[in-house]
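Structure first, commentary second.
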There are 2 protein chains.
Amino acid sequence: MKKSCQHHHDSAPQELSTLTSRLRRESRKITGPRAAILEILRHHPHPLTNREIFDELPKGECDLATIYRAMQMLEKLGMVKRFDFGDGAARYELMGEGDDGHHHHLICTRCDTVVEIEECFPAEIEQRIAAKNNFKAVTHRLEFFGICPACQK
Amino acid sequence: MKKSCQHHHDSAPQELSTLTSRLRRESRKITGPRAAILEILRHHPHPLTNREIFDELPKGECDLATIYRAMQMLEKLGMVKRFDFGDGAARYELMGEGDDGHHHHLICTRCDTVVEIEECFPAEIEQRIAAKNNFKAVTHRLEFFGICPACQK
DNA sequence: AAATTAGTTGCAAATGATTTGCAATTGAGG
DNA sequence: CCTCAATTGCAAATCATTTGCAACTAATTT
């Protein structure tokens, strides 16, 4: 039995048409590879690496380099958010239009299960850190690691 | 004028002899390359990439692969802590013997200046996250990013 | 102090993630 | 259906990191 995620990703994913019109708006073409990539992302609640996306795609559907280029573009347009779980591979998650996609994950260090976390680093403390060091536009990158219930047995 | 760091790294670095005896204790050899690497680390308050260590070393002093192997070993012995600033290169910082080295950084996204942060993610919230998801041994990886005072001008 | 040996090193080749040059292809708009 | 800029596949290039292996050396033994 798979543990489900009780956050925003449980809700229906964005319509593909919503995504494509967003691309069109930026004068980007809706190509086969891109539609296929967006479909994969739409149906995955958790961040995927480029290789994972590649492996989900029917073989020959799209080149790995095309995926890398697509993800870069989508990130620049703010349509996906990039995450780093510290294992040397970038991961991407689709995000809603208004949403800034800021959230964190709890990752099992044994089986790589990923759970979305709603908690975030307290804003007041972050502001204090920014003020104390005279930094502007401070944000953070935060991920949690531990052993999931299944791996504890 | 360089902003100084007001935390534990301002204090005198560990003696080299302390470090080498720690290696000996683990039946590891004190070699030229290792002593040189430890010297570099001793004199740097902030995390260094393997390449940065390599570049600090007099040319020919030590092979890059040797540095990679040394850092892996030092990390396994708990003598250095590995950090990830999300730019695809691991960084290492020397840590005190008892110390678990857990702390965070504030990094300028324009000039890469690094400041050590004493604040940490609130333990109670982390415990709540662990409990809510039935995870054990939960820790976190956290780094802050922003624009430093110098780069704001 | 010389012999012994396990731990180390340099070098080159192998990996793995990501990027890039380029010629051929193809959406989108007219 | 034509035109053209955007996009793609493929191969080669980069970058960080790892690994095989024979030569080397610090630490221990004799």
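In what follows, chains carry the letters A, B, and so on, assigned in the order in which the sequence lines appear, proteins first and then strands, with residues in each chain numbered from 1. Because only heavy atoms are used, hydrogens play no part in the values below, and waters and symmetry mates are left out as well, while side chains stay in. From a predicted model like this one, the values you see are computed outputs, not experimental measurements.
Across the protein-nucleic acid pair, B:Gln72 atom CD and D:dA16 atom P stand 16 Å apart, rounded to whole Å. When the P atom of C:dT8 is taken as reference, atom OH of B:Tyr68 falls 20 Å away, rounded to whole Å. Remark: C1' of D:dG9 and CD of A:Glu61 are 13 Å apart, rounded to the nearest angstrom. Atom-to-atom, NZ of B:Lys29 to C1' of D:dT25 comes out at 6 Å; the value is rounded to the nearest Å. Rounded to an integer number of Å, the gap from A:Leu23 CG to C:dT26 P is 19 Å. Taking atom CD on B:Glu52 and atom P on D:dC15, their separation rounds to 15 Å, with Å as the unit. In this entry the distance linking CG of B:Asp63 with P of D:dT19 reads 15 Å, nearest Å. What separates CG of A:Asp87 from P of D:dT17 is a distance of 13 Å, to the nearest Å.
Of the two residues near DNA chain D, B:Arg82 and A:Ile30, the one whose nearest nucleotide lies more 5' is A:Ile30.
A:Ala65 comes within 4.0 angstrom of a base, heavy atoms only. A:Ala70 comes within 4.0 angstrom of no nucleic acid atom, judged by non-hydrogen atoms across all strands.
Under the 3.5 Å distance criterion, with hydrogens and angles disregarded, a donor-acceptor pair is assigned to the side chains of B:His105 and B:Glu93.
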message: Please evaluate residues A:Arg25 and A:Arg22 with respect to the criterion side chain to side chain contact (heavy atoms under 4.5 Å, CB included), reporting the C-alpha separation (whole Å), side-chain torsions for both, the decisive distance (0.1 Å), and the verdict.
response: CA-CA 5 Å; A:Arg25 196 190 312 157; A:Arg22 202 157 154 197; 4.0 Å; yes
task: Evaluate salt bridge (Lys or Arg N to Asp or Glu O under 4.0 Å) for B:Glu143 paired with B:Arg91, printing each intermediate quantity in order.
output: CA-CA 13 Å; B:Glu143 305 295 351; B:Arg91 280 156 215 270; over 6 Å; no
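Regarding contacts with the backbone of D:dG9, a side-chain N or O of A:Thr66 is found under 4.0 angstrom from either OP1 or OP2. Phosphate proximity of D:dT8 to A:Thr31: present, with a side-chain N or O under 4.0 Å from OP1 or OP2. Dashed line: the shortest gap from a side-chain N or O of A:Arg34 to OP1 or OP2 of D:dT7 is under 4.0 Å. OP1 and OP2 of D:dT17 both lie 4.0 Å or more from every side-chain N or O belonging to B:Arg69.
Closest heavy-atom contact between A:Glu61 and A:Pro33: O-CG, 4.3 Å.
Judged by atom type and distance alone, B:Arg24 does not reach the base of C:dG7 through any side-chain donor-acceptor pair under 3.5 Å.
In this structure, the nucleotide among C:dT18, D:dT17, D:dA16 sitting nearest to the side chain of A:Leu64 is C:dT18.
Using cut-offs of 30° and 60° for the angle between ring planes, the B:Phe85 and B:Phe83 rings count as tilted.
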